[in-house]
Amino acid sequence: MTGGCSIVWFRRDLRVEDNPALAAGVRSGKVIALFIWAPEEEGHYYPGRVSRWWLKQSLSLLDSSLKNLGTSLITKRSSDSVLSLLDVIKSTGATQLFFNHLYDPISLVRDHRVKEILTENGIAVRSFNADLLCEPWEVLDDEGRPFITFTSFWDRCLSMPYDPEPPQLPPKRIISGDVSRCPSDTLVFENDSERGSNALLARAWTPGWSNANKALTAFINGPLLNYSTNRRKADSATTSFLSPHLHFGELSVRKVFHQVRIKQTLWANEGNKAGEESVNLFLKSIGLREYSRYMSFNHPYSHERPLLGHLKFFPWVIDENYFKAWRQGRTGYPLVDAGMRELWATGWLHDRIRVVVASFFVKVLQLPWRWGMKYFWDTLLDADLESDALGWQYISGTLPDSREFERIDNPEMEGYSFDPNGEYVRRWLPELARLPTEWIHHPYEAPEYVLQAAGIELGSNYPLPIVTIDAAKARLQQALTQMWQQEATSRAVLENGTEEGLGDSSDDTPIAFPQDMQMDIEQENVRNRPMGVARHYEDQMVPSMTLSTSLLRGASSEEQEEESPIDQRHLARDNNRAEVPNDVMNMEERVQVFDGQSGLPQFNIQTALRTTQDMSQGESSSGGGTSRRERDGGVVPVWSPSNSSYSEAFVSEDNSYLQRHPQVMNWRQLSQTG
DNA sequence: CATGGTTTTGG
DNA sequence: CAAAACCAT
């Protein structure tokens, strides 16, 4: 149309296939493909070592694909994406910007700002859905409100009036814009000490969009068939292994959906019940990923605060020794320990085991769930803020449809169910390798002669249980009682109108991360590493802790906070080194993040919808009224600060919202106990 | 092999 | 809490 040149801004959509922003760029003329590395914008959530390793590989493959098509990827190192965009615009004369939507809290705010500022500068900005089957604002109940349980959400997704778009092919050719005056920065994703550990990753994983496609094909033609029966085995190679590919958008979920559905129809026609069921279960996990974006969009602080408000009075155990034992895989519960060692060594964990270790963390150790979530973030290859927040909230019992709060899972029992022969445990805990299966998941109950024969001395070369399950149950009961009392007290205070609720607002402030989340390396650990895994000390060293106050301060602060959000972020400037901020001393204290009731960002769905309509009308020149046109209408979620406290629907007890959802059973249980 | 009680699980 | 899986009789 304009003949001008457009920037296609790649983020977590590192593919050339089924990439609507890229397609739009190609359609409109010359293209500048851009990637901006601005990790400091992520606040606490500077990507971990393995995650950066993946990103590096993925970008390099994207670049070579783009080169084959006629252009190459411009890379910029930045601490402010908006400034970098303006800079690139200036040096290339681009007149348009295209990108695909992201839904994590930081991106929502940043992308909104991008739109505002660039539009002011006369740049046409359009954004697209490349990450989800349905945009969050499209999936609403009959009254036009967001769903609050996964099942109802997913049911609706699967019965939308239109199917997700079939995936688009890659462009045949890309005409490159003039980048002669826009040099790339070299991006540094690993330091010397990380390089050795990273080298090992390449043996197990092959990032990049074309490899993602191969992984998808391999999964669909292989393990998918028996997914329903195998999916609960800890060490089976029957998961899809697609999560890191999906995280970086190397693979389009729409493509996954369509291909898997095709297979399902096939199996259905053959009367293959197991296959059909497998596909449903696999799609459910795709659905959970969708739901995580949905939750993040509707409750953009769900990585910081429990969705159900009760937990804010829970007396978490602030014990860094527990935390350390958990990270090191020295809790005395073999399945938990095996999982933590695998995570440490490989950056990967089977989904079931993630649930096991997370549940142990929250319910047995009663450590604050955000610590665990942060550790996952730092160590997982497929670390994903939205998915992990959803997962931890589910485990912690703070979603209307999550596990009961009171429930404690028994690692021993889970051991025999996910690892019946103890192979997984033996693989990751060589010190237990000679223990017979009968005792492998509960060495603490094994007779002395069995232990001796296996060369185990409890408390010496393998720990006794850090907390017994009975003790954990008792402590949990006690903690709950305390929680209800505190809640009652607080409510009484509120009802007396003493302070208008402003007084004790520190109670909903997230507990700060511990000062030192680094895995300190003990000889023990090195000696005990699994055979054949030549690890380096540096494995999983938490790369950078930005112990700042909540990044959401940035999101919500514009009006009512004095400090600029940027000032609040202690940036790990030097890409490679962990940098401990000056105010680390304060971190023992809870960080004041939210000022009580006011000023949390709340997404205004109505506004977002209106924008959708406006934009799609504005867009009507570019083609027919297909659903794609409408859905690609350049919508970025619009948020507006609002007076109400966060997730009113979840927090307020007599809210009709929840009453309309009788299946929300935890909720009722919780509020009655008081 | 049915049956009823018990445990496990569920997003 | 309710459905499903499990187990003992």
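Side-chain atoms are counted along with the backbone in the values below, which use heavy atoms only and exclude waters and symmetry mates. Letters A, B, ... are given to chains in the order of the sequence lines, protein chains preceding strands, and every chain is numbered from 1. This structure is a prediction, so every number in the text was calculated from the model and none was measured.
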Only Watson-Crick and G-U wobble pairs with both distances less than 3.5 Å should count. Give DNA chain B in dot-bracket notation, marking inter-strand partners with |. .|||||||||.
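Computed from coordinates, the A:R354 CZ to B:dG11 P distance equals 18 Å when rounded to whole Å. Rounded to an integer number of Å, the gap from CG of A:L399 to P of B:dG10 is 16 Å. The distance from atom OH of A:Y394 to atom P of B:dG11 is 6 Å, rounded to the nearest whole Å. Taking atom OH on A:Y416 and atom C1' on B:dT9, their separation rounds to 20 Å, with Å as the unit. The CG atom of A:D409 sits 16 Å away from the P atom of B:dT7 (whole-angstrom rounding). Rounded to whole Å, the distance from CZ on A:F405 to C1' on C:dC1 is 19 Å. Atom CZ of A:F150 and atom C1' of B:dT9 are 16 Å apart (whole Å). Separating the CZ atom of A:R231 from the P atom of B:dT9 is a distance of 12 Å, rounded to the nearest angstrom.
Looking at residues two or more places apart in sequence or on another chain, you find no salt bridge (Lys or Arg N to Asp or Glu O under 4.0 Å) involving A:R261. Looking at residues two or more places apart in sequence or on another chain, you find a salt bridge (Lys or Arg N to Asp or Glu O under 4.0 Å) between A:R354 and A:D382. Listed by chain and number, the residues in a ring pair (Phe, Tyr, Trp, His ring centres under 6.0 Å) with A:H245 are A:W54 (sequence neighbours excluded). Residues passing the side chain to side chain donor-acceptor pair (under 3.5 Å) test with A:W209 are A:S65, sequence neighbours excluded. For the ring pair (Phe, Tyr, Trp, His ring centres under 6.0 Å) test, residues two or more places apart in sequence or in another chain that qualify with A:W326 are A:F361, A:Y375.
Between A:D104 and A:S107, the side chains place a donor N or O and an acceptor N or O closer than 3.5 Å (distance only, hydrogens not considered).
Minimum atom distance to the side chain of A:K284 is reached by B:dG11, of the listed B:dT9, B:dG10, B:dG11. Residue A:M413 has its side chain nearest to B:dT8 when only B:dG11, B:dT8, B:dG10 are considered.
Using a 4.0 Å heavy-atom cutoff across all strands shown, A:R407 reaches at least one base atom of the nucleic acid.
A:R232 has a side-chain polar atom (N or O) that falls below the 4.0 Å cut-off from OP1 or OP2 of B:dG10.
Ring to ring, A:W371 and A:F513 are not that close: their centroids are 6.0 angstrom or more apart.
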